[in-house]
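These notes are about the structure you will find just below.
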Amino acid sequence: MTQTTVDPSLFQPTRLGPLHLPNRLVMAPLTRNRAGADGAPGSLMATYYAQRASAGLIIAEGTTPNAVGQTYPDIPAIHSPAHVAGWRGVTEAVRAAGGRMFLQLQHGGRVGHPLNSGLTPVAPSPVPLPETIHTRGGRVPSVTPREMTARDIRSTVADFAQAARNAVAAGFAGVEVHAANGQLLHQFMARNTNRRTDDYGGSVANRIRFVVEVTRAVADAIGPERVGVRISPANTVNGIEEGDTQHLYPALLDALAELDLAYLHLEFADPANPLFATVRDAWPGILMANPDLGWPDPLPADGGRGAGERLLDAGADLISLGRAFLANPDLVERLRTDAPLNPVRDKYTMYVGGATGYTDYPTLTAHGRKAQAPQPFPLDAVVR
């Protein structure tokens, strides 16, 4: 097949704070349930991320800052020495392969279960998740979370800050605070999950308070140039209904802009949606956009390249792709040369564990030879 070079805008280098990025393609955080039962990453995760090191930046999957924040089984964590050591093996493998990594910090809030964490989930209000939740024994009804006290809120803010310090100690260039997709921070912002009557509930200013406090604490801990925030305005995943999106996000972005963060990560971005222009106009810094590709519809044949280029034209600075990177370890080269993409094997995306559908996606080889499955990364060469 004759290969052609596409519009190079996605492939132009740029900077993100102190980091030099060789291209503007970011691997979005993707929950894959491949950590150990204790939350520590192992060699399989190191291989997976090192295979995808050609991304301008990798944002590693949602990782819990404390035990009660765990969502599902085999989710990675970053609150113990074993977690730091496990992640250090991953970051060193990626760095040896030429890559750069941030770590997403994710607290599930009510998206959790005692069968997964051993603890009753906590949330802004005792409002249960309106659906079943995955456990090691299968899907079970959700439980009513315990309403967080003022002390719980303070300790959780501190846990996020310590998790950020741990991430830097593990070799990450920075962290992304997850305030999207119905996780704990998003639960504080949404009217249907936050029924508090104290300083963290009611008005927009009160409902964004926890997100701002967490982000400020993380920025104070490791430096704002190392911190991004992910948002998903109007997203109803995990039973979230914000209620006043048009007022919520201008206030949130105005407060976060004062922190001089590394970037804002907008999920399900669409330049045809007026919300995108609202966010772009309100955010003074680097905007990372994750294209709306119709999930859970099948991935477009171009993996989201066209949508990404439209977002760049509309003012985004970086483009994050998820499923395309999942199925194509060498996605940057495939998009650069307009080569065909591997299809996503949805059966293996979550919960199943193991290398199948994780580290065995084939890569292109030089001179047009048949694609080959990548070899495991020689972890022993980089782990100390």
Side-chain angles (χ1 to χ4, degrees), residues 28 104 106-107 109-111 123-125 127 129-130 153 176-216 219 227-297 307-308 310-320:
Q104 187 185 75
Q106 171 191 276
H107 189 303
R110 70 175 187 168
V111 186
S125 299
V127 181
L129 186 72
I153 289 173
E176 177 177 280
V177 175
H178 193 8
N181 294 355
Q183 306 297 324
L184 179 65
L185 274 66
H186 203 180
Q187 292 161 30
F188 267 88
M189 291 193 290
R191 280 179 169 174
N192 74 319
T193 48
N194 185 343
R195 301 177 182 176
R196 304 177 72 95
T197 58
D198 62 1
D199 289 345
Y200 292 90
S203 68
V204 165
N206 284 353
R207 284 184 284 125
I208 68 172
R209 189 184 306 276
F210 182 63
V211 179
V212 176
E213 287 182 354
V214 166
T215 307
R216 181 181 293 114
V227 180
V229 175
R230 192 180 211 201
I231 60 171
S232 58
N235 187 358
T236 59
V237 69
N238 286 318
I240 284 289
E241 295 180 10
E242 294 164 348
D244 51 4
T245 302
Q246 72 277 18
H247 302 298
L248 191 68
Y249 285 92
L252 177 65
L253 299 189
D254 186 57
L256 294 179
E258 298 178 2
L259 303 180
D260 197 23
L261 303 175
Y263 65 85
L264 179 73
H265 191 177
L266 177 63
E267 190 173 12
F268 299 128
D270 181 355
N273 186 334
L275 183 61
F276 177 81
T278 298
V279 171
R280 178 65 282 185
D281 291 344
W283 185 250
I286 297 293
L287 179 62
M288 183 185 300
N290 175 242
D292 184 354
L293 301 178
W295 186 88
D297 294 341
R310 289 190 292 274
L311 283 164
L312 287 180
D313 290 341
D317 301 290
L318 298 168
I319 302 301
S320 72

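Considering every non-hydrogen atom in both Asn238 and Pro130, the closest pair reads O-CD, 4.5 Å. The heavy-atom pair separating Thr215 from Val211 by the smallest distance is OG1-O, 2.8 Å. When all heavy atoms are compared, the tightest approach of Ala282 to Leu253 is CB-CD1, 4.0 Å. When all heavy atoms of Leu261 and Ala219 are compared, the closest pair comes out as CD2-CB, 4.3 Å. Across all their heavy atoms, Ile319 and Gly308 have their closest contact at CD1-O, 3.4 Å. Nearest heavy atoms, Ser320 versus Pro291: O-CD, 3.1 Å.
Panel note: side chain Arg310, backbone Pro271; no donor-acceptor pair is recorded below 3.5 Å. Ser232 places a side-chain N or O within 3.5 Å of a backbone atom of Asn181 that can act as its donor or acceptor partner. Proximity of a side-chain donor or acceptor of Glu242 to a complementary backbone N or O of Ala190 within less than 3.5 Å is not detected. A side-chain donor-acceptor contact under 3.5 Å links Arg280 to the backbone of Gly315. Between the side chain of Asn192 and the backbone N or O of Ile240, no donor-acceptor pair lies under 3.5 Å. Gln187 places a side-chain N or O within donor-acceptor distance of the main-chain N or O of Arg110, the cut-off being under 3.5 Å.
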Go through Asn290 and His265 one step at a time and tell me if the side chain to side chain contact (heavy atoms under 4.5 Å, CB included) criterion holds.
-> CA-CA 7 Å; Asn290 175 242; His265 191 177; 3.8 Å; yes
For side chain to side chain contact (heavy atoms under 4.5 Å, CB included), just list the numbers for Phe268 and Asn273, CA-CA rounded to whole Å, side-chain angles, deciding distance to a tenth of an Å, and then say yes or no.
-> CA-CA 10 Å; Phe268 299 128; Asn273 186 334; over 6 Å; no
Could you go step by step and tell me if Phe188 and Val214 meet the side chain to side chain contact (heavy atoms under 4.5 Å, CB included) rule?
-> CA-CA 12 Å; Phe188 267 88; Val214 166; over 6 Å; no
Can you list the steps and then say if Leu248 with Leu252 is a side chain to side chain contact (heavy atoms under 4.5 Å, CB included)?
-> CA-CA 6 Å; Leu248 191 68; Leu252 177 65; 5.7 Å; no
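By the salt bridge (charged side-chain N to carboxylate O under 4.0 Å, His left out) test, Asp244 is found to be paired with Arg191, Arg207, residues two or more places apart in sequence or in another chain being considered.
Using a 4.5 Å heavy-atom threshold, the side chains of Ile153 and Tyr200 count as touching.
Atom CD of Glu213 is separated from atom CG of Leu185 by 10.5 Å, given to the nearest 0.5 angstrom. To the nearest 0.5 Å, the span separating CZ on Phe276 from CG on Leu266 amounts to 7.0 Å. To the nearest 0.5 angstrom, His247 atom NE2 is 9.5 Å from Thr245 atom OG1. The distance from atom NE2 of His178 to atom NE2 of His107, rounded to the nearest 0.5 Å, is 12.5 Å. Note: Met189 CE to Ile231 CD1 = 7.5 Å, rounded to the nearest 0.5 Å. Once rounded to the nearest 0.5 Å, the distance linking CZ of Phe210 with CZ of Arg196 reads 9.5 Å.
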